[in-house]
Structures are given as structure tokens and as C-alpha cells.
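Chain letters run A, B, ... following the sequence lines, proteins first and then strands; every chain starts at 1.
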2 protein chains.
Amino acid sequence: MADVARRAGVSAMTVSRALKDKSAVTPETRDRIFQAVQDLGYVLDMSAGALSSKKTGFVSVLIPSLNNSNFSDTVQGISEILDTEGMQVLIGTTNYSRVREEQVIATMLQRRPEGIIVTGGTHTARARSMLETAGIPVIETWDLPVAPIGHVVGFSNAATIEDLMARLMFWGYRRVAFIEGEPGDDTRGHDRRTGYERAVRALGLERSCVISVGRPPVTVEHGAQAVVRLIETWPEVEAVICVSDLSALGAIMECHRRGWDVPGRLAVAGFGDFQVARHCWPSITTVSVGSLAIGQETGTLMLQAIAAMRAGTPLPPRRITIPHTVIERDSTARQPHPAETAPAP
Amino acid sequence: MADVARRAGVSAMTVSRALKDKSAVTPETRDRIFQAVQDLGYVLDMSAGALSSKKTGFVSVLIPSLNNSNFSDTVQGISEILDTEGMQVLIGTTNYSRVREEQVIATMLQRRPEGIIVTGGTHTARARSMLETAGIPVIETWDLPVAPIGHVVGFSNAATIEDLMARLMFWGYRRVAFIEGEPGDDTRGHDRRTGYERAVRALGLERSCVISVGRPPVTVEHGAQAVVRLIETWPEVEAVICVSDLSALGAIMECHRRGWDVPGRLAVAGFGDFQVARHCWPSITTVSVGSLAIGQETGTLMLQAIAAMRAGTPLPPRRITIPHTVIERDSTARQPHPAETAPAP
DNA sequence: CTGTTAGCGCTTTCAG
DNA sequence: CTGAAAGCGCTAACAG
């Protein structure tokens with residue numbers, strides 16, 4: 001920067017200003033500086049700027065896995081918003097493990113992010129305490145924790161499945177099962193199962209049936225395996241909710257393979273409104289949770305929180321609930337009863 | 001850090017050493033330091049360290065979109081490897097736009113990454129020159145550029161489709177079409193189309209037919225729309241190659257919807273070996289390019305290149321070709337001819 | 001094995 | 001609008 005300053009015949013400070021504020025410098029000076037930057041191929045060093053200004057321009061985002069379009073949509077939403085203020089996202093993946101999350105948080109904090117966004121509301125004790133004492137805005141997403149660390153942008157995973165169950169009931173299904181991954185650190189999956197079980201009781205259904213196959217992330221293949229186990233376990237089952245659209249797709253494809261009609265023999269619903277759910281055949285009934293919207297809301301809130309922090313007046317904890325929607329598609333369409341198609345008396 | 005040093009009764013330098021080398025400090029001193037770190041809740045500031053040591057510990061990775069499991073697999077592979085040396089990945093998405101790529105590169109370079117990994121071998125002139133003069137290792141992936149900037153870890157997109165075409169021919173298909181997105185910045189998609197057209201000529205097929213629908217990224221829905229257009233345009237078509245598995249899935253699902261048997265009426269093949277391709281029904285014939293392996297190879301090479309750079313002896317440009325494999329699945333299975341099922345004479 | 005001295009490249013702060 | 005001085009928090013380099 002000193003070189004640029006010399007070449008433009010100004011001080012380094014003026015160069016610094018020209019490169020950021022644009023306003024605070026005479027147009028001619030500015031032009032001379034930009035010319036010098038061009039000539040020298042100078043590239044600003046933000047890491048030095050960060051040290052000096054104590055503003056790194058980073059926000060850390062922790063997600064279970066990049067390879068889940070719901071989470072990458074959320075990251076996408078966050079990035080879009082943060083980009084508008086020139087802030088960058090530092091992504092970390094926890095691989096659905098809380099221990100791993102703790103490690104990633106520890107590493108991230110060494111980079112001095114100006115805010116940190118985590119997925120879910122369940123963390124190790126040490127992770128939680130690191131977040132609490134980090135002195136930066138914290139947002140938990142994809143959940144509505146009872147005792148949040150800071151801000152929250154999410155929804156109740158249990159409630160989404162309760163709603164879905166209510167709709168299945170409304171459509172006439174009574175024997176409904178649930179397909180999930182093996183229990184572990186995937187609390188969101190677990191919450192959805194809880195929603196299922198609560199709904200079974202609340203709706204007075206005769207029995208519940210949960211099939212757990214595969215360690216999270218639950219894949220298409222797990223869904224295929226699970227549906228076979230389900231039919232063996234409970235031949236009378238009429239419908240099944242899968243913990244995600246991917247496993248729902250697997251279940252449906254396995255049904256095709258075995259000649260079981262969907263939804264005739266078995267209705268199938270998923271969660272997450274993945275792209276394939278809308279376009280596969282039959283299209284999959286699911287719960288949309290607005291993954292992108294979660295990201296955008298989170299980004300917007302983070303920007304406010306950071307601005308408040310910089311101004312020395314931390315934002316009081318906010319709690320934003322993202323609406324979810326049950327989307328009815330072909331995979332649960334009730335075949336018309338003979339009576340229904342008969343002419344009215 | 002000064003506080004920690006004081007509390008442990010040592011100098012800041014010793015604290016710094018204890019926190020990194022671990023070896024270069026007496027065990028007791030080390031323990032005292034860690035105790036002080038614990039007591040004070042001290043967290044190392046890597047951004048200061050980076051400025052001082054000129055080692056940021058960052059590698060930038062640019063991909064078209066997070067929301068494509070092929071690219072996120074590659075990022076995953078890169079991260080895994082870089083993690084082993086404590087390096088972090090800074091992800092940037094270009095949204096399949098070269099202009100956007102240029103901007104992202106400019107921003108990334110201000111963070112002083114120790115290496116940069118880009119997707120594809122086609123860039124704007126300014127992007128290319130920024131990469132060339134950045135003074136850090138550059139790796140281009142997912143392609144085999146004729147005039148690479150630095151290192152290359154990739155494969156020929158055209159060759160993958162040529163191979164797939166040869167196999168379709170071998171299986172007895174003669175009237176083969178190609179479904180792609182509208183031409184634009186997606187050079188990998190364009191290269192695949194080129195491979196298709198070269199194969200049509202090389203194999204002496206009577207005609208080619210390319211259906212272009214939708215701006216990249218090509219989605220499931222685009223595939224569905226395209227297949228309808230295809231059947232209208234060329235009713236005699238026997239098989240179609242889709243630019244990605246996602247559009248292949250869309251095409252197949254649309255065929256189901258319209259009662260066109262796959263592969264009986266139309267055989268469908270894709271590209272990328274996405275998870276759904278393996279598990280949907282019918283399973284999709286595709287080309288696997290080892291997305292994760294590309295990432296791992298890239299990560300390994302980047303680590304070597306950075307080590308060499310730090311040692312002052314830049315690694316001569318390497319060119320690593322990742323093998324691809326045509327995977328035959330149900331979506332192109334030839335129905336047995338009557339003659340073939342007849343008893344041998 | 002440990003300490004001292006400088007200084008990384010920028011921005012804050014305060015004067016002009 | 002511009003400049004000078006000081007220092008962000010750490011580590012390289014050298015000395016003990």
C-alpha cells in the first residue's frame with residue numbers, strides 16, 4: 001500500500017480511504033490512486049485490515065453437511081444477504097456430530113468471526129459455553145430451542161410432523177408409520193419422530209410403528225431398505241412418513257420395484273420439499289420449511305446484530321419462527337372410494 | 001496472549017509456541033500455560049498470526065453452486081484433506097457465471113489464501129490474469145484445459161459422453177438425442193454436448209438431435225420439459241443422454257407420467273452418478289466421475305503445492321486425470337429381442 | 001528450551 | 001480532505 005501511495009503521491013492513509021469510503025477523497029486523487037493500484041497490480045490485504053480494525057468481515061456458518069440441499073439452500077440464503085454488506089461466509093460442516101461441532105466451533109472462533117450461525121439447538125456443554133462467551137452474535141437455526149444461546153431463526157420440527165399427521169388423518173389414513181435414521185446426534189430427525197408419536201396419541205390412532213434404518217444422513221437407499229422392513233413388520237400399514245424427502249424417494253422407488261402401488265398400497269410422505277420431491281413420479285407429499293427463507297432471515301438478522309454490536313449496543317435476543325406448509329402431492333392421494341364416484345342420491 | 005503469558009509466568013513467545021508446536025516447550029511450562037489459557041478463556045487469534053507469519057491457513061475453492069451434489073462432494077473431499085494439515089476452506093459460489101467468478105476471485109484474493117481452486121478451465125481474461133499473478137498455487141478442476149493456468153485435476157467432459165455414446169451404440173441404440181441447458185457459461189455442459197456431436201459423427205449415426213431447455217443449473221424440471229419436446233421433435237428417437245442425472249431423472253419421471261416406458265419406449269442416460277440415479281426406479285445409466293476423488297486428489301495436490309511454495313520451490317504444474325466410468329443401469333437396458341429368448345437351434 | 005526485539009500491512013485517532 | 005503516529009495480536013529471527 002505504501003508503494004501505491006508513493007506512486008500516487010499521497011499517504012497510505014489516503015489510499016486506504018480511497019479503497020473503502022470512495023467519498024472521503026477528492027475525485028482526482030482517487031483516480032490517481034486507482035491508476036497506481038492498476039499499474040502495480042496491488043491487491044488489498046484484508047487480513048491486515050481485519051487486525052487493525054477488529055472487523056474481520058467473516059460470519060461462520062455451521063451445518064451438518066454440505067450434501068443436503070436444505071442446508072445448502074440455507075447457506076445460499078445467508079450468503080446472498082451477507083454479500084450485500086461485503087461480509088463473507090466461512091462454512092464448517094459437523095457431519096451430524098455434536099463432538100465434531102464443538103471442534104469446528106473452536107477452530108472457527110480463532111478466526112474471529114463477527115457472528116456465528118449454528119444448525120439446531122442442541123450442543124455439547126463446552127460448545128455452548130464457547131458460544132456464550134464468544135462475545136459475538138449467535139443464531140441457532142432449524143429449530144426452536146427452549147433455552148436458546150442467543151437469537152433463533154427456526155421452526156418446530158415436531159410441529160411440522162404433527163401437522164402432516166393431521167392432514168394424513170384428514171385424508172383418511174389411520175395406520176401410519178414413520179421411517180427415520182438410527183437415533184444419534186440428529187436431533188432434528190429425532191424431533192420429527194417425537195412429533196409423529198405425539199400425533200399418534202393425540203389423534204387416538206391404534207398403533208405407532210417406527211422403522212429406524214441407517215446412520216444419518218439418511219439416504220435414498222435407507223428409505224428403500226426401511227420400507228421393506230416396514231411392510232414385513234406391519235403389513236396392514238396404509239401410509240408412512242419419512243424423515244426426509246430423500247428417504248421418501250427411496251421408499252417410493254422400492255415400492256415401484258416390488259410392484260407395490262404408491263399411494264394405492266402405501267401412501268408416502270416426506271419432509272423438506274427437496275427439488276426431486278416436486279418432480280418425481282408420483283410427486284411426493286411433503287412439508288416445506290423454506291430452507292432459503294431461513295437463510296435469508298438469518299442473514300438479515302445477523303447483519304442487524306453485527307451492526308448493533310459494532311455500535312456497542314448488542315441486539316436483545318430475537319426469536320423468529322419460519323412458517324412451514326404441508327404440500328399435498330400424488331404420493332398420498334386417496335383413491336376415490338366407489339361410493340364417492342357414485343352419483344348423488 | 002500477554003495476559004496468559006503473565007499468568008503462566010512466561011513470555012508471550014513461549015505461549016505462542018506451546019499453542020502450536022507442542023514439542024518445543026517443557027511439559028510443565030506447557031501445562032501451566034494451558035491452565036492459564038483455560039482460566040482466562042483465551043482464544044488464539046489466527047488473523048493476527050496470519051499477518052505475522054504470512055500464512056493464512058486458507059484455501060479458496062470456487063464452485064458454480066453449492067446446490068449440486070457433485071460439487072459439494074468435491075468440496076467435501078478437498079476439506080477432508082486440507083483439515084489434516086489444519087487448513088481451512090473458503091468457499092465461493094459463482095452461480096455458473098464467469099463474470100461472477102471474476103468478482104469472487106477478486107474478493108477471495110484480498111483474504112490472501114495460500115492456494116486457490118477453481119471449477120473449469122474457462123475464465124474471463126481478467127480472472128485469468130489475477131490467478132496467474134496471484135503468486136499462489138492454482139488448481140483448475142472438473143476439466144482438462146488446453147492451456148491451464150497452473151495445476152489441473154480433472155477429466156474430459158467430452159470424452160465421458162463419447163464413451164457413453166459408444167456404449168449405447170454397443171447396446172444397440174442408433175437414434176440417440178442429447179438434452180442440455182441453454183448455452184451459456186456452463187462450459188462443462190457444453191463440452192459434454194460437443195462429445196455427443198463428435199460421437200454421432202464418429203459412429204456414423206444418421207442424425208443428431210439436441211434439445212436445449214432452461215438456464216443452468218439444469219434441474220429435474222428442465223429434464224421433464226425437454227423430454228416432451230424431444231418426443232415431439234423426433235418421434236423415432238430410441239435413447240437420450242441428459243447433461244446431468246437430475247435432468248435424466250426429470251425426463252424419466254415425465255415418461256412415467258405420460259405412460260412412456262423407460263427404457264422400452266425411450267432409454268435415458270445421465271451424467272454425474274448422483275445418489276438418486278443409483279436408487280431411483282428405473283435406476284439411471286450414467287457416467288461416474290468420482291466427484292469426491294477429484295476433491296481428494298485436489299486437496300492432496302494443493303497441500304504439496306503449498307508446502308513447496310512455503311519452501312520457496314514452487315511445484316511445477318501437474319496435470320492429474322481422474323478416470324471416469326460408464327455405469328450401466330436399468331434405464332438403458334435393452335429388452336431382449338424375441339430371437340434372443342428363443343432356444344438355440 | 002526460553003526470551004527479546006521487531007515488524008507483518010493495515011486502520012484508528014487525532015491534527016492539520 | 002489529507003497526513004503522522006501509534007498499534008492491532010501475533011510470530012520470525014536471533015540471542016541466550
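- B:I33 has its CD1 atom 10 Å from the C1' atom of C:dT2, to the nearest Å.
- The only member of A:N157, A:T74, A:N70 that meets side chain to side chain donor-acceptor pair (under 3.5 Å) when paired with A:W142 is A:T74.
- The base of D:dG9 has none of its N or O atoms less than 3.5 Å from a complementary donor or acceptor on the side chain of B:S47.
- Under a 3.5 Å cut-off, the side chain of A:T84 and the backbone N or O of A:I81 do form a donor-acceptor pair.
- As a whole-Å value, the separation of A:D3 CG from C:dC10 P is 10 Å.
- Put simply, A:K20 has a side-chain N or O that comes within less than 4.0 Å of OP1 or OP2 on C:dT11.
- In this structure, B:T14 and A:V15 both approach DNA chain C, and ranking their closest nucleotides by distance from the 5' end singles out B:T14.
- Distances shown here put a side-chain N or O of B:S16 below 4.0 Å from the OP1 or OP2 atom of D:dT11.
- With respect to B:I91, the side-chain contact (heavy atoms from CB on, under 4.5 Å) criterion is satisfied by exactly one of B:V75, B:I78, B:V104: B:V75.
- Taking atom CD of B:Q110 as the reference point, atom C1' of C:dG9 lies 13 Å away to the nearest angstrom.
- Here the P atom of nucleotide C:dG9 and the CE atom of A:M46 are 16 Å apart, to the nearest Å.
- Taking 4.5 Å as the limit, some side-chain heavy atom of B:M87 sits within range of a side-chain heavy atom of B:E114.
- Defined by atom type and a distance below 3.5 Å, a donor-acceptor pair is missing between the side-chain atoms of A:Q35 and A:R7.
- A sub-4.0 Å separation between OP1 or OP2 of D:dT11 and a side-chain N or O of B:K55 is absent.
- If you check every strand for non-hydrogen atoms under 4.0 Å, A:T29 touches sugar and phosphate atoms only.
- Contact annotation: A:T26 reaches the phosphate of D:dT2 (side-chain N/O to OP1 or OP2, under 4.0 Å).
- Rounded to whole angstrom, the span from the CZ atom of A:R17 across to the P atom of C:dC10 amounts to 15 Å.
- Taking only side-chain atoms of B:V10, from C-beta outward, the nucleotide of D:dT11, D:dG9, C:dG3 with the closest atom is C:dG3.
- Look at CE on A:M1: it is 11 Å from P on C:dT12, rounded to the nearest Å.
- Note: OH (A:Y42) to C1' (C:dG9) measures 7 Å, nearest angstrom.
- Nearer the 5' end of DNA chain C, as judged by each residue's closest nucleotide, is the contact made by B:M13, out of A:V43 and B:M13.
- As a whole-Å value, the separation of B:R112 CZ from D:dC10 C1' is 18 Å.
- Distances shorter than 4.0 Å separate some side-chain N or O of A:S11 from OP1 or OP2 on D:dG3.
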